[in-house]
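We name chains A, B, ... by the order of the sequence lines, and we start the count at 1 in each one.
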2 protein chains.
Amino acid sequence: MNEAAQVSAGKTGRRTESAAGRDVSTVRDVARRAGVSASTVSRVMGGTYPVAAATRAKVLKAMRELDYVVNAHARALGGSTNKTVAFVVDDVTGPFYAHIARGVEEQASAEGRLCMLCTTHGDPQRVLAVVEMMREQRADAVIVVGGAWEDKAYQDRMTHFAHALDRVGSRLVLVGRPPLGEGVPATVVDYDNEAGAFAMTTHLLSAGHRRIAYLARVPGLSTSTQRISGFTRAHELMGLTPDPALILDGEFTRAHGYRAARELLASGADFSAVFAGTDMVAAGALQALREGGVRVPEDVSVAGYDDIPVAIDVYPALTTVHVPHEELGRTAVRLALHRDEFPESQHQVLGTHIVIRASTRGPGRPRETS
Amino acid sequence: MNEAAQVSAGKTGRRTESAAGRDVSTVRDVARRAGVSASTVSRVMGGTYPVAAATRAKVLKAMRELDYVVNAHARALGGSTNKTVAFVVDDVTGPFYAHIARGVEEQASAEGRLCMLCTTHGDPQRVLAVVEMMREQRADAVIVVGGAWEDKAYQDRMTHFAHALDRVGSRLVLVGRPPLGEGVPATVVDYDNEAGAFAMTTHLLSAGHRRIAYLARVPGLSTSTQRISGFTRAHELMGLTPDPALILDGEFTRAHGYRAARELLASGADFSAVFAGTDMVAAGALQALREGGVRVPEDVSVAGYDDIPVAIDVYPALTTVHVPHEELGRTAVRLALHRDEFPESQHQVLGTHIVIRASTRGPGRPRETS
DNA sequence: TTGAAAGCGCTAACAC
DNA sequence: GTGTTAGCGCTTTCAA
């Protein structure tokens with residue numbers, strides 16, 4: 001007892017010297033003030049246990065007077081229920097991610113979860129580091145968004161994490177990327193990348209375009225590979241073969257779209273349509289085309305992918321493939337949190353569809369003469 | 001002992017029945033495997049304490065073999081160091097917030113903090129609820145972004161939370177909104193809203209515009225009030241008075257910009273320039289103007305506020321006021337985390353400046369004749 | 001309906 | 001250098 005008092009005194013001393021607060025009230029303080037025991041206070045908070053109305057009132061009053069808030073960590077530790085969902089993206093700034101983030105955040109808060117945000121800046125190393133941190137946090141679900149690197153080592157690492165997370169009771173969720181394989185404990189919410197690209201390419205081909213440039217192929221990135229695959233399949237279905245010279249490698253950025261379109265123009269390549277890897281790439285291409293005196297869609301048609309908000313603000317408004325961003329996010333959270341209820345639907349593929357706006361039409365005259 | 005064993009057995013039983021694992025290894029497991037004590041394991045992890053090289057190696061090996069990860073909650077509970085920063089926004093989707101979020105996330109991870117994301121959907125009630133949750137989490141800093149409601153009750157509540165957070169050792173940070181007053185323990189990182197609007201209005205006025213419409217005034221929102229104030233001051237400095245009929249109330253949305261510009265056109269109002277409350281509002285206005293056959297900037301100049309990425313993608317590229325989004329985010333985190341080192345600079349105002357692009361120029365002929 | 005007691009997993013003071 | 005001993009604040013049996 002004496003020792004306890006001494007320890008307490010020592011602590012109080014330290015409190016004074018540090019700038020801000022360690023003087024938070026605890027269940028015990030509340031209990032003392034209400035003249036009950038700590039367990040009773042806990043029961044009042046939990047709500048899931050009978051407590052006499054009078055007692056409950058006293059406790060509530062004490063909590064209010066002390067401005068009490070539970071310590072989420074202590075609760076997580078004792079009660080093993082953690083209540084957080086982690087959201088891992090490349091870059092919050094991209095509208096693509098932002099909208100998925102919104103879906104995730106909404107569903108998470110609807111399910112009473114907090115949402116942790118982590119950015120990886122496209123660095124595969126950081127993805128792994130971040131997933132590790134989430135394991136420490138014991139997040140209910142760890143949602144990783146965006147194309148995956150089709151790299152054996154990387155995938156093995158992810159598979160490892162899927163298991164590691166599973167072991168601590170967490171769930172790995174892959175959004176917009178392919179499954180890791182059979183038996184890997186992970187939820188996958190994907191959208192039909194290939195079909196979207198196929199539909200768009202078909203739209204362009206049936207408008208009469210025969211030489212379509214594809215901007216921003218990212219070798220080794222699942223998303224890109226699938227889009228290229230839909231692009232190719234659409235050609236093949238009409239007995240055509242895409243010209244490899246018209247497929248330009250590059251990143252999913254506005255800057256790349258601008259650069260690539262300029263090069264295309266400078267090289268004098270023959271093309272009447274541009275299918276950009278993403279809407280951002282399309283936005284860059286549009287600028288380059290405009291600066292090069294090429295009219296869209298009169299001289300060249302331009303299509304994008306993603307249907308992010310900027311698609312309606314560029315000029316002309318962009319024909320693109322719609323991806324159900326928010327729904328991806330919401331579905332990811334829902335599926336992961338209720339995986340016991342839906343064990344069979346842990347791999348979901350949402351649909352995509354094309355949205356035709358003003359940037360595409362049939363091919364005009366050859367570019368040279370315009 | 002028997003009882004303990006029984007309890008343990010009971011738990012194991014439950015483990016089996018629940019889908020995924022509660023079978024995580026703890027410091028104790030690692031300690032046992034490495035043949036050392038728990039404290040030694042803890043010391044190895046902390047790194048900040050001398051441990052024999054051989055011992056350290058054994059522990060590290062055991063941790064690897066057991067695939068051990070610390071329990072962040074247990075750590076937070078014991079060590080009182082929490083390592084998270086909370087970020088509270090209206091809507092992750094807005095590029096305005098997204099870029100601040102990036103700054104926050106970057107600085108937070110640079111400082112070894114995790115970042116929690118919370119959305120309020122413009123609901124003042126939810127702001128308060130969210131701040132309360134963050135108090136439970138004992139976040140190092142709670143960063144609230146965006147204009148504040150100039151409403152006494154709301155401000156009182158925020159003031160209350162500033163104190164409450166302070167008591168649990170957290171710090172309230174207000175980004176892009178005015179301070180709560182003297183003696184309130186909060187960090188404020190603002191940007192010069194008024195000066196930005198002043199500079200832009202002056203730009204327009206000196207180009208010769210005399211009838212400038214202001215789109216999207218939001219009564220009671222600090223940001224909007226300050227912008228209007230800069231707008232007015234610029235007029236007054238030239239001995240002019242803005243025409244109240246040209247100041248349209250409405251939200252900071254693209255949809256409102258569109259609607260407002262259409263109304264303006266329909267009403268036959270006389271104006272040669274539009275100053276939009278935000279870039280999104282400007283994007284909507286641009287569309288309405290184009291649809292109405294009004295050329296920008298030949299017939300009407302359009303200016304925005306914020307300088308979000310879309311400003312360069314709209315047509316014509318938008319003249320706007322640049323707000324240092326990322327820097328706001330970074331500064332917020334830095335200041336809050338090191339408040340003891342910089343007690344004097346807990347209220348910082350970052351500069352804004354105008355960026356002139358293609359959407360503004362001198363007034364052309366009267367609109368009627370165009 | 002309530003209280004007492006035993007941890008959850010970790011860190012930190014204190015001994016050796 | 002390393003082990004022992006106490007808790008951090010809460011939930012949760014087990015008794016009463």
Side-chain angles (χ1 to χ4, degrees), chain A residues 1 3-4 6-8 10-11 14-15 22-32 34-59 63 66 68-83 136-138 168-169, chain B residues 1 3-8 10-11 14 22-32 34-59 63 66 68-83 136-138 168-169:
Chain A
M1 261 299 200
E3 287 181 350
Q6 223 177 344
V7 167
S8 181
K11 269 192 187 156
R14 225 179 310 131
R15 277 175 204 170
R22 261 309 62 136
D23 55 353
V24 204
S25 25
T26 73
V27 255
R28 240 122 105 169
D29 300 323
V30 175
R32 198 174 311 127
V36 299
S37 77
S39 349
T40 302
V41 175
S42 177
R43 291 198 263 260
V44 169
M45 291 194 283
T48 171
Y49 207 88
V51 174
T55 316
R56 142 172 275 107
K58 273 192 303 186
V59 171
M63 298 206 314
L66 258 37
Y68 171 82
V69 270
V70 282
N71 180 322
H73 298 293
R75 173 173 282 178
L77 185 54
S80 90
T81 164
N82 172 293
K83 302 292 177 197
E136 295 180 6
Q137 296 289 329
R138 303 291 190 267
V168 302
Chain B
M1 260 297 201
E3 288 182 347
Q6 222 176 343
V7 167
S8 182
K11 268 194 189 153
R14 225 176 312 133
R22 265 304 67 128
D23 55 353
V24 204
S25 25
T26 72
V27 254
R28 244 123 103 165
D29 300 322
V30 175
R32 198 174 312 128
V36 298
S37 78
S39 351
T40 302
V41 175
S42 176
R43 292 197 263 258
V44 169
M45 293 193 285
T48 170
Y49 209 87
V51 175
T55 315
R56 144 171 274 108
K58 275 192 303 186
V59 171
M63 298 204 315
L66 259 38
Y68 171 83
V69 270
V70 281
N71 181 321
H73 299 293
R75 174 174 282 179
L77 186 53
S80 91
T81 163
N82 172 294
K83 302 292 177 197
E136 295 180 4
Q137 296 289 328
R138 304 291 191 268
V168 302

* Structure fact -> Taken to the nearest whole Å, CG/A/Leu77 to P/C/dG7 is 14 Å
* Asked: Rounded to the Å, how far apart are A/Glu136 CD and C/dC10 P?
  -> 10 Å
* Structure fact -> Correct closest heavy-atom pair for B/Ala74 and A/Leu77 would be CB-CD1, 3.7 Å
* Structure fact -> A/Lys58 NZ to C/dG3 C1', in whole Å, measures 13 Å
* Asked: OP1 or OP2 of C/dC10 less than 4.0 angstrom from a side-chain nitrogen or oxygen of B/Tyr68, does that happen here?
  -> yes
* Could you state the CG-C1' distance from A/Asp29 to D/dC8, rounded to the nearest angstrom? -> 13 Å
* Side chain of A/Val27 (C-beta onward), nearest among D/dT2, D/dC10, C/dT2 -> D/dC10
* Asked: B/Asn71 has an atom CG; how far is it from atom C1' of C/dT11, in whole Å?
  -> 13 Å
* To do: Using a cut-off of strictly less than 4.0 Å between a heavy atom of the residue and any atom of DNA chain D, enumerate the qualifying residues of residues 34-46 of chain A by number.
  => A/Ser39, A/Ser42, A/Arg43, A/Met45
* **Residues in salt bridge (Lys or Arg N to Asp or Glu O under 4.0 Å) contact with B/Arg28, at least two apart in sequence or another chain** => none
* Asked: Whole Å only: how far is the CZ atom of A/Arg28 from the C1' atom of D/dG9?
  -> 8 Å
* Grab the two heavy atoms, one from B/Arg138 and one from A/Val70, that are nearest each other, plus how far apart they are. => NH1-O, 3.4 Å
* **Minimum-distance nucleotide (side-chain atoms of A/Arg75 versus D/dC10, C/dC10, C/dT2)** => D/dC10
* Taking the side chain from A/His73 and the backbone from B/Gln137, do they hold a donor-acceptor pair closer than 3.5 Å? -> yes
* To do: Grab the NE2-P distance between A/His73 and D/dT11 for me, whole Å please.
  => 14 Å
* CZ/A/Arg75 to CD/B/Glu136 distance, rounded to the nearest 0.5 angstrom? -> 6.5 Å
Just distance, no hydrogens or angles: give the donor-acceptor pairs under 3.5 Å from side chains in residues 42-52 of chain B, sequence neighbours left out.
none

